[in-house]
Number of protein chains: 2
Amino acid sequence: MNKKPNLKDVAKVAGVSAITVSRVLSNPDKVSEKLRAKVEQAVHEIGYIRNHAASALASRRSGVIAVIIPSLSNIVFNDVLQGIYSAVKQHHLQVVLGDCHYSPLEEEKLIATLLSQSPEGFILTGTDQTDYARKLLKQSGIPIVQLMELSDSPIDMNIGFSHFNAGVDITNHLLQKGYRKLGFLGARMDTRTQQRLAGFKKAIADFHQPCQSYVVTTTQSSSIRLGGQLLQAVMAESQGQCDAVFCCNDDLALGALFESKRMNLKVPSDIAICGFNDLEASALVEPAITSVASPRFEMGQQAVELLMSAQGQDKHHRSPIDIGYRIVERAST
Amino acid sequence: MNKKPNLKDVAKVAGVSAITVSRVLSNPDKVSEKLRAKVEQAVHEIGYIRNHAASALASRRSGVIAVIIPSLSNIVFNDVLQGIYSAVKQHHLQVVLGDCHYSPLEEEKLIATLLSQSPEGFILTGTDQTDYARKLLKQSGIPIVQLMELSDSPIDMNIGFSHFNAGVDITNHLLQKGYRKLGFLGARMDTRTQQRLAGFKKAIADFHQPCQSYVVTTTQSSSIRLGGQLLQAVMAESQGQCDAVFCCNDDLALGALFESKRMNLKVPSDIAICGFNDLEASALVEPAITSVASPRFEMGQQAVELLMSAQGQDKHHRSPIDIGYRIVERAST
DNA sequence: AGATAAAATGATAGCGCAACCATTTTGACT
DNA sequence: AGTCAAAATGGTTGCGCTATCATTTTATCT
């Protein structure tokens, strides 16, 4: 096994100096067309691939951005990720991705690990990082974006929307439709879910008529199946009184919908169901499920753009960007 | 902004040499407890983070594995990815992930880019890489795993299952149930989908009784909505004769199921529906959908283990590993 | 043609770390 | 206490590349 070719090998084949090869790869317009062609030919011929570690070390630019999401299995972060990848492509960056499983401590470790890659930007989900994590991030001096929710005290930049407000709005939607015995079905209970629940409670507290609320939550991770179980739980707790449920996400809502059929409850006449995140399935089941839509793909894209535009700038503390949400009313309510 | 601390800074604070700090980070048991404690304290105090580029360059170990999947949005690869991440964690590796959008050319570019990270292993999806990509991969000398399907001529290692056989089996399942006018609904039409289709055709050709087949495919990417459209298309093409459909994945199958309700077709009496991949929703809709399950998470895990066990070994051309699949019969057929 | 600027190319040094080998310290034994 | 091996620690060097500056070539003008 002859060892991997390096710059010098290419230079020898092309009959130029090493530095010229380097330039062809990073600043092609600084090299005359003649040499460039020769070099490119040589590169392709011997299958040369630049050593990123050496390049990053010498240039002090890693061409990498770090991303941490709380869960790979949650399709919601997948959408964000797709936005990130689509934007990253334009900028010739690589992504190093971490999954912190909703744990700030795991996130702290991941942040340290990912920072070792000298990323040129860092995208985080949510706002509950540990103090040490914040210290490391600030010290790194790179631009940082916190995603999904809005923060009063972002580490650096911030883009997301108010889960509290969305919770208020969707609950008011149910109240306006005449439902008065509202259930909240919550799984995982991460900060965003908690904010939705807080919105739910606030809307009910502020309502001008008497109404009842039943809150059923679990720290288990969300799934369709769990949605069915939680629906049973809330019907048990309310002794069958509950006439509408706000599910903290569409997985639960779908599970609740399927379960309601098995329980012979008509949707929305016996029970209304609404979800959160507006997954594709929610629009296509029968009846279609009311949900809260947000531009996740765009949020991911914008996060990358924010990072890139902040490159080098010393001050990039624009105020948090509210990307908004939209209640999508459908037949289930 | 004081620049990022390096090994020497830590060494100064801890009152030891730089190399000792290095050892504490990579070989803690080679350092006496006393010094180790001092160093760890210093590291934490000044928030030192090792420069991965320099470390990789000096040690010739990047601690990175490269992964390319054809689509971030397809939940199937998400499952594999989770397996990969879970295994990678044990080995203290980082993943660099690329999404080639089902394009061998994009994949070739990605392979070149990712190889520049000097990964210690490479995980690819499928078996249709370009010649140049194969050249680069072989030249890199690192262990490589091709995932998902089985290949006669793998680049290196291979783990997956036979989509052709699965297509045959599921089609036979429909035939055994008495269906004789079978539709195939296919989206994307990547190599694995094509193999499923080939299996479908083979089973029908080999069947000992006359039966009819209707193949409706599109290169559009798969979605639930598209499943509904394809069901309409196959009913149109068969002039309402089609009595069972094999959908190339569960998204389409769900869409077909929802659409069949709108079309007032009873499942499975008017039309049987089966899918592929066995997503959670397939088991929970009414009627539940027959599908083909495969251990995707485990496949991802095993891929990483294969890479790790092949480290350094010159020969790791074990024969392809068939991880198998399972037909999950449900009410929809 | 000669003068000057601009573009193209090259030589050298150093990015931060770990491999390698040298040296010092410690412990185990007679 | 003295000997030796083993463990712990340190010094030097080079990984492969690019920033910086120096030099050469080319283009543009009078």
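In what follows, chains carry the letters A, B, and so on, assigned in the order in which the sequence lines appear, proteins first and then strands, with residues in each chain numbered from 1. In this text, all values refer to a predicted model and were calculated from it rather than measured experimentally.
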Within the 3.5 Å criterion, strictly below it, is a donor on B:Q146 or B:Q129 matched to an acceptor on the partner's side chain? yes
Strictly distance-based, threshold 3.5 Å: is any side-chain N or O of A:N27 a donor or acceptor partner for the main-chain N or O of A:D29? no
Pair B:Q117, A:Q94: side-chain N/O donor-acceptor within cut-off below 3.5 Å: no
For A:E45, what residues pass the salt bridge (charged side-chain N to carboxylate O under 4.0 Å, His left out) criterion, not counting sequence neighbours? none
How would you list, by chain and number, every residue that makes a side-chain hydrogen bond (donor to acceptor under 3.5 Å, both in side chains) with A:K8, sequence neighbours excluded? none
Tell me the ring pair (Phe, Tyr, Trp, His ring centres under 6.0 Å) pairs involving residues 14-68 of chain B, sequence neighbours left out? A:Y132-B:H44
Reading nucleotides 14-23 of chain D from 5' to 3' and marking B where a protein heavy atom lies under 4.0 Å of the base, S where only the sugar-phosphate is that close, and - otherwise, the string is BBBBBB----
Using a strict 4.0 Å threshold on nitrogen-to-oxygen distance, state whether A:D190 and A:R192 make a salt bridge. yes
Who pairs with B:E108 by salt bridge (charged side-chain N to carboxylate O under 4.0 Å, His left out), at least two apart in sequence or on another chain? none
Contact span of DNA chain C against chain B, any nucleotide atom under 4.0 Å from a heavy atom, 5' to 3', runs C:dG16 to C:dA19
B:R36: partners by salt bridge (charged side-chain N to carboxylate O under 4.0 Å, His left out), with sequence neighbours left out: none
Check salt bridge (charged side-chain N to carboxylate O under 4.0 Å, His left out) between A:R60 and all other residues, then give those that pass, not counting sequence neighbours. none
Apply side chain to side chain contact (heavy atoms under 4.5 Å, CB included) to B:S151 and list each qualifying residue two or more places apart in sequence or on a separate chain. B:T127, B:S153, B:P154, B:N158
Report the residues that fulfil side chain to side chain contact (heavy atoms under 4.5 Å, CB included) with B:H91, sequence neighbours left out, ordered by chain and then residue number. B:L93, B:V304, B:E305, B:M308
In residues 35-44 of chain B, which residues come under 4.0 Å of DNA chain D by heavy atom? B:L35
To the nearest 10 degrees, what angle separates the axes at the start and end of the helix from C:dA1-D:dT30 to C:dT30-D:dA1, five pairs each? 20°
